[in-house]
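What follows is a set of notes on a single structure, which appears directly below.
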Amino acid sequence: MISPPTAALIERLLATGCAVAEDYFAPALCQALQLEAEALTADETAIDAGVGRGVDHKSDAAIRRARIRWLDGRSPAQLDFTGRAEDLRISINELFYLGLFDFDAQLALTPVGGFYARHSDSFQGARNRIVSLVAYLNDGWQSADGGCLRIWPLDGARIDVVPRRGTLVLMLSENVEHEVLPTNRSRASIAGWFRLRA
Ligand code: OGA
Ligand code: MN
(Lines give C-alpha, C1' and ligand atoms only; values in the text may rest on other atoms or scores of the structure.)
(Ligands and ions follow the chains in the order given, each with its own letter.)
Protein backbone atom coordinates (compact mmCIF):
# COMPACT_ATOMS: atom_id res chain seq x y z
CA MET A 1 0.00 0.00 0.00
CA ILE A 2 1.54 3.30 -1.12
CA SER A 3 1.00 6.21 1.27
CA PRO A 4 -0.70 9.31 -0.22
CA PRO A 5 2.38 11.55 0.31
CA THR A 6 4.62 9.01 -1.44
CA ALA A 7 2.15 8.68 -4.31
CA ALA A 8 2.04 12.49 -4.66
CA LEU A 9 5.85 12.62 -4.65
CA ILE A 10 6.13 10.04 -7.43
CA GLU A 11 3.43 11.75 -9.50
CA ARG A 12 5.34 15.03 -9.20
CA LEU A 13 8.55 13.29 -10.27
CA LEU A 14 6.94 12.00 -13.46
CA ALA A 15 5.12 15.25 -14.22
CA THR A 16 7.96 17.73 -13.69
CA GLY A 17 11.09 15.55 -13.73
CA CYS A 18 11.85 16.13 -10.06
CA ALA A 19 10.32 16.00 -6.61
CA VAL A 20 11.55 17.09 -3.18
CA ALA A 21 10.41 15.89 0.25
CA GLU A 22 11.75 17.42 3.46
CA ASP A 23 12.15 15.25 6.59
CA TYR A 24 11.79 12.09 4.53
CA PHE A 25 14.63 10.21 6.27
CA ALA A 26 14.75 9.92 10.08
CA PRO A 27 17.30 12.12 11.90
CA ALA A 28 18.99 9.15 13.62
CA LEU A 29 19.49 7.39 10.29
CA CYS A 30 20.92 10.56 8.74
CA GLN A 31 23.25 11.10 11.69
CA ALA A 32 24.68 7.57 11.43
CA LEU A 33 25.24 8.00 7.68
CA GLN A 34 26.77 11.45 8.18
CA LEU A 35 29.40 9.92 10.49
CA GLU A 36 30.19 7.32 7.81
CA ALA A 37 30.50 10.09 5.21
CA GLU A 38 32.83 12.11 7.43
CA ALA A 39 35.07 9.07 7.84
CA LEU A 40 35.68 9.07 4.06
CA THR A 41 38.38 11.73 4.44
CA ALA A 42 40.66 9.24 6.18
CA ASP A 43 39.41 6.15 4.30
CA GLU A 44 41.97 4.85 1.80
CA THR A 45 39.29 2.83 -0.02
CA ALA A 46 37.29 6.01 -0.78
CA ILE A 47 37.84 7.73 -4.10
CA ASP A 48 38.19 11.32 -5.21
CA ALA A 49 35.20 11.64 -7.44
CA GLY A 50 35.47 12.48 -11.12
CA VAL A 51 32.85 12.20 -13.80
CA GLY A 52 32.04 9.29 -16.10
CA ARG A 53 33.21 5.75 -15.66
CA GLY A 54 35.21 3.07 -17.41
CA VAL A 55 37.34 4.57 -20.14
CA ASP A 56 35.59 7.91 -19.69
CA HIS A 57 36.59 8.19 -16.09
CA LYS A 58 38.35 11.38 -15.26
CA SER A 59 38.99 12.89 -11.88
CA ASP A 60 38.49 16.43 -13.07
CA ALA A 61 38.75 19.06 -10.38
CA ALA A 62 37.09 21.54 -12.76
CA ILE A 63 33.89 19.46 -12.74
CA ARG A 64 33.61 18.09 -9.25
CA ARG A 65 35.27 17.95 -5.90
CA ALA A 66 34.05 15.29 -3.45
CA ARG A 67 35.11 12.09 -1.78
CA ILE A 68 32.87 9.08 -2.41
CA ARG A 69 32.40 5.38 -1.69
CA TRP A 70 29.73 2.97 -2.91
CA LEU A 71 27.28 1.72 -0.30
CA ASP A 72 27.94 -1.97 0.34
CA GLY A 73 25.59 -2.74 3.22
CA ARG A 74 28.42 -2.71 5.76
CA SER A 75 26.36 -1.04 8.53
CA PRO A 76 22.79 -1.19 9.91
CA ALA A 77 22.33 2.41 8.72
CA GLN A 78 23.24 1.47 5.14
CA LEU A 79 20.86 -1.49 5.24
CA ASP A 80 18.08 0.71 6.62
CA PHE A 81 18.73 3.28 3.89
CA THR A 82 18.73 0.78 1.03
CA GLY A 83 15.53 -0.71 2.48
CA ARG A 84 13.87 2.71 2.19
CA ALA A 85 15.13 3.01 -1.38
CA GLU A 86 13.75 -0.44 -2.15
CA ASP A 87 10.30 0.64 -0.88
CA LEU A 88 10.47 3.62 -3.24
CA ARG A 89 11.56 1.43 -6.16
CA ILE A 90 8.56 -0.84 -5.67
CA SER A 91 6.17 2.11 -5.29
CA ILE A 92 7.45 3.79 -8.46
CA ASN A 93 7.07 0.54 -10.41
CA GLU A 94 3.56 -0.02 -9.06
CA LEU A 95 2.39 3.45 -10.00
CA PHE A 96 4.19 3.90 -13.32
CA TYR A 97 5.40 0.50 -14.56
CA LEU A 98 8.89 1.86 -15.07
CA GLY A 99 10.49 -1.56 -14.62
CA LEU A 100 13.14 -0.28 -12.25
CA PHE A 101 15.29 -3.29 -11.49
CA ASP A 102 17.94 -2.32 -9.02
CA PHE A 103 19.49 0.49 -7.03
CA ASP A 104 23.00 1.51 -6.24
CA ALA A 105 24.20 4.48 -4.28
CA GLN A 106 27.27 6.25 -3.07
CA LEU A 107 28.09 8.16 0.06
CA ALA A 108 29.66 11.53 -0.68
CA LEU A 109 31.54 14.10 1.35
CA THR A 110 31.98 17.41 -0.43
CA PRO A 111 34.66 19.52 1.28
CA VAL A 112 34.49 23.27 1.85
CA GLY A 113 34.80 24.86 -1.60
CA GLY A 114 33.60 21.65 -3.29
CA PHE A 115 30.89 21.62 -5.97
CA TYR A 116 29.58 19.59 -8.90
CA ALA A 117 29.13 21.34 -12.25
CA ARG A 118 25.84 21.15 -14.18
CA HIS A 119 25.25 17.63 -15.50
CA SER A 120 22.68 14.88 -15.93
CA ASP A 121 23.17 11.43 -14.44
CA SER A 122 23.16 9.23 -17.54
CA PHE A 123 26.56 8.32 -18.91
CA GLN A 124 27.56 7.49 -22.44
CA GLY A 125 27.19 3.75 -22.99
CA ALA A 126 25.28 3.25 -19.74
CA ARG A 127 21.85 4.70 -20.30
CA ASN A 128 20.15 2.49 -17.79
CA ARG A 129 19.87 4.98 -14.95
CA ILE A 130 16.23 6.04 -14.88
CA VAL A 131 15.56 7.74 -11.55
CA SER A 132 18.18 9.53 -9.42
CA LEU A 133 17.80 9.85 -5.66
CA VAL A 134 19.67 12.26 -3.41
CA ALA A 135 19.53 12.35 0.40
CA TYR A 136 21.06 14.98 2.70
CA LEU A 137 22.64 14.16 6.03
CA ASN A 138 23.93 17.36 7.72
CA ASP A 139 22.15 18.75 10.74
CA GLY A 140 21.36 22.46 11.02
CA TRP A 141 22.21 23.47 7.46
CA GLN A 142 21.72 27.21 6.87
CA SER A 143 21.25 28.98 3.55
CA ALA A 144 24.58 30.75 4.19
CA ASP A 145 26.29 27.33 4.20
CA GLY A 146 25.76 27.21 0.42
CA GLY A 147 25.96 23.84 -1.32
CA CYS A 148 22.42 24.00 -2.71
CA LEU A 149 21.34 21.53 -5.35
CA ARG A 150 20.20 23.61 -8.35
CA ILE A 151 17.74 21.73 -10.56
CA TRP A 152 16.35 22.56 -14.00
CA PRO A 153 12.95 20.80 -14.04
CA LEU A 154 11.17 19.88 -17.27
CA ASP A 155 8.51 22.52 -16.72
CA GLY A 156 10.58 25.66 -16.48
CA ALA A 157 11.93 27.70 -13.61
CA ARG A 158 15.01 26.33 -11.87
CA ILE A 159 14.83 25.48 -8.20
CA ASP A 160 17.47 25.45 -5.44
CA VAL A 161 17.22 22.75 -2.79
CA VAL A 162 18.92 23.48 0.54
CA PRO A 163 20.76 20.27 1.57
CA ARG A 164 19.09 19.90 4.98
CA ARG A 165 19.22 16.68 6.96
CA GLY A 166 16.43 14.27 5.97
CA THR A 167 15.54 15.88 2.63
CA LEU A 168 14.93 13.52 -0.30
CA VAL A 169 15.25 14.56 -3.95
CA LEU A 170 14.14 12.41 -6.89
CA MET A 171 14.98 13.32 -10.49
CA LEU A 172 14.65 11.70 -13.91
CA SER A 173 18.26 10.71 -14.57
CA GLU A 174 18.45 11.31 -18.32
CA ASN A 175 16.53 14.54 -18.74
CA VAL A 176 16.96 16.63 -15.66
CA GLU A 177 20.15 18.64 -15.36
CA HIS A 178 21.38 19.72 -11.97
CA GLU A 179 24.38 21.23 -10.25
CA VAL A 180 25.82 21.43 -6.74
CA LEU A 181 26.70 25.03 -5.91
CA PRO A 182 29.96 25.61 -4.00
CA THR A 183 29.63 24.65 -0.36
CA ASN A 184 30.92 26.69 2.56
CA ARG A 185 30.65 23.73 4.90
CA SER A 186 31.61 20.06 4.68
CA ARG A 187 28.53 18.50 3.03
CA ALA A 188 27.45 14.88 3.56
CA SER A 189 25.02 13.29 1.11
CA ILE A 190 24.01 10.09 -0.64
CA ALA A 191 23.34 9.88 -4.37
CA GLY A 192 21.75 6.77 -5.81
CA TRP A 193 20.26 5.51 -9.04
CA PHE A 194 17.35 3.20 -9.84
CA ARG A 195 18.26 1.31 -12.98
CA LEU A 196 16.78 -0.95 -15.60
CA ARG A 197 18.13 -4.47 -15.93
CA ALA A 198 21.56 -4.00 -17.53
C1 OGA B 1 25.39 13.33 -8.14
C2 OGA B 1 24.69 14.56 -7.73
C3 OGA B 1 23.74 15.96 -6.01
C4 OGA B 1 23.93 16.41 -4.60
O5 OGA B 1 26.07 12.73 -7.28
O6 OGA B 1 25.27 12.94 -9.32
O7 OGA B 1 24.18 15.23 -8.60
O8 OGA B 1 23.17 17.29 -4.19
N9 OGA B 1 24.58 14.89 -6.41
O10 OGA B 1 24.83 15.92 -3.92
MN1 MN C 1 23.92 14.12 -10.43
Side-chain angles (χ1 to χ4, degrees), residues 13 16-25 29-30 33-34 36-38 40-41 46-54 56-72 78 81-82 85 88 100 103-139 141-143 145-154 158-195:
L13 165 68
T16 69
C18 67
V20 180
E22 292 183 0
D23 301 316
Y24 187 88
F25 297 103
L29 171 61
C30 293
L33 292 167
Q34 181 190 346
E36 284 194 43
E38 282 167 355
L40 292 179
T41 333
I47 48 180
D48 288 314
V51 168
R53 61 183 182 193
D56 292 333
H57 186 87
K58 36 185 193 295
S59 187
D60 189 342
I63 295 171
R64 187 180 191 190
R65 200 142 72 79
R67 211 156 155 84
I68 60 169
R69 197 186 61 217
W70 292 98
L71 296 195
D72 55 10
Q78 287 196 16
F81 183 85
T82 48
L88 273 171
L100 303 178
F103 176 75
D104 40 37
Q106 52 190 217
L107 206 51
L109 188 71
T110 306
V112 172
F115 60 92
Y116 195 163
R118 183 168 171 169
H119 67 282
S120 73
D121 284 345
S122 60
F123 291 121
Q124 208 73 41
R127 297 171 63 82
N128 57 350
R129 289 174 166 183
I130 304 299
V131 174
S132 302
L133 172 158
V134 189
Y136 298 109
L137 308 176
N138 287 105
D139 198 17
W141 198 275
Q142 306 293 319
S143 301
D145 294 329
C148 279
L149 174 65
R150 177 162 288 175
I151 307 174
W152 284 266
L154 301 176
R158 71 173 197 217
I159 56 172
D160 285 353
V161 178
V162 178
R164 285 200 189 91
R165 173 174 284 180
T167 295
L168 163 73
V169 178
L170 297 174
M171 295 178 282
L172 296 180
S173 306
E174 291 202 7
N175 312 329
V176 173
E177 296 196 335
H178 52 278
E179 162 180 12
V180 177
L181 301 177
T183 183
N184 303 321
R185 181 178 158 187
S186 169
R187 178 187 190 271
S189 59
I190 291 179
W193 299 277
F194 297 102
R195 302 182 307 146

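Counting convention: from 1, in listed order, for ligands and their atoms alike.
Checked against a 3.5 angstrom limit, the closest N/O atoms of Q106 and ligand 1 fall outside it. The shortest N/O to N/O separation between D121 and ligand 1 falls below 3.5 Å. For ligand 1, the polar-atom distance check finds no N/O of W193 at less than 3.5 Å from any of the ligand's N/O atoms.
The protein atom (non-hydrogen) at minimum distance from atom 10 (O) of ligand 1 is R187 NH1, 2.9 Å. Nearest non-hydrogen protein atom to atom 3 (C) of ligand 1 is V180 CG2, 3.6 Å. Of the protein's non-hydrogen atoms, the one nearest atom 1 (C) of ligand 1 is Y116 CE1, 3.6 Å. Of the protein's heavy atoms, A191 CB, 3.4 Å lies nearest to atom 5 (O) of ligand 1.
Under the 4.0 angstrom criterion for non-hydrogen atoms, R118 is not in contact with ligand 1. Heavy-atom distances between S189 and ligand 1 reach below 4.0 Å in at least one pair.
The closest side-chain heavy-atom distance from E22 to T167 is below 4.5 Å. A heavy-atom distance below 4.5 Å is not found between the side chains of D145 and N138.
Of all protein N/O/S atoms, those lying under 2.8 Å from the Mn ion (ligand 2) come to 3.
Using modelled atom types and a 3.5 Å distance limit, the side chains of S132 and S173 yield a donor-acceptor pair.
Tested against H178, the residues H119, R158, R118 include a single side chain to side chain donor-acceptor pair (under 3.5 Å) partner, H119.
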Hey, mind stepping through V134 and V161 against side-chain contact (heavy atoms from CB on, under 4.5 Å) and telling me if it holds? CA-CA 11 Å; V134 189; V161 178; over 6 Å; no

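Remark: ligand 1 atoms within the under-4.0 Å shell around heavy atoms of L149 are 3 (C), 8 (O). Of all the atoms in ligand 1, the ones that sit under 4.0 Å from a non-hydrogen atom of Y136 are 4 (C), 8 (O).
A108 and A37 make their closest contact through O-CB, 4.1 Å (heavy atoms, listed as atom of the first residue, atom of the second, distance). Smallest separation of non-hydrogen atoms from P111 and T183: O-CG2, 3.2 Å. Nearest heavy atom pair, residue I151 against residue C18, reads CG2-SG, 4.0 Å.
Checked by atom type and distance alone, the side chain of W152 never pairs as donor or acceptor with a backbone atom of I159 at under 3.5 Å. Between the side chain of D23 and the backbone N or O of G166, no donor-acceptor pair lies under 3.5 Å. Side-chain atoms of R129 never come within 3.5 Å of backbone atoms of R195 as a donor-acceptor pair (strictly under, hydrogens ignored).
Taking the six-membered ring for Trp and thresholds of 30 and 60 degrees, F194 and F103 have ring planes inclined between 30 and 60 degrees apart.
Only the side chain of R64 comes within contact range of ligand 1, with a heavy atom under 4.0 Å; no backbone atom does.
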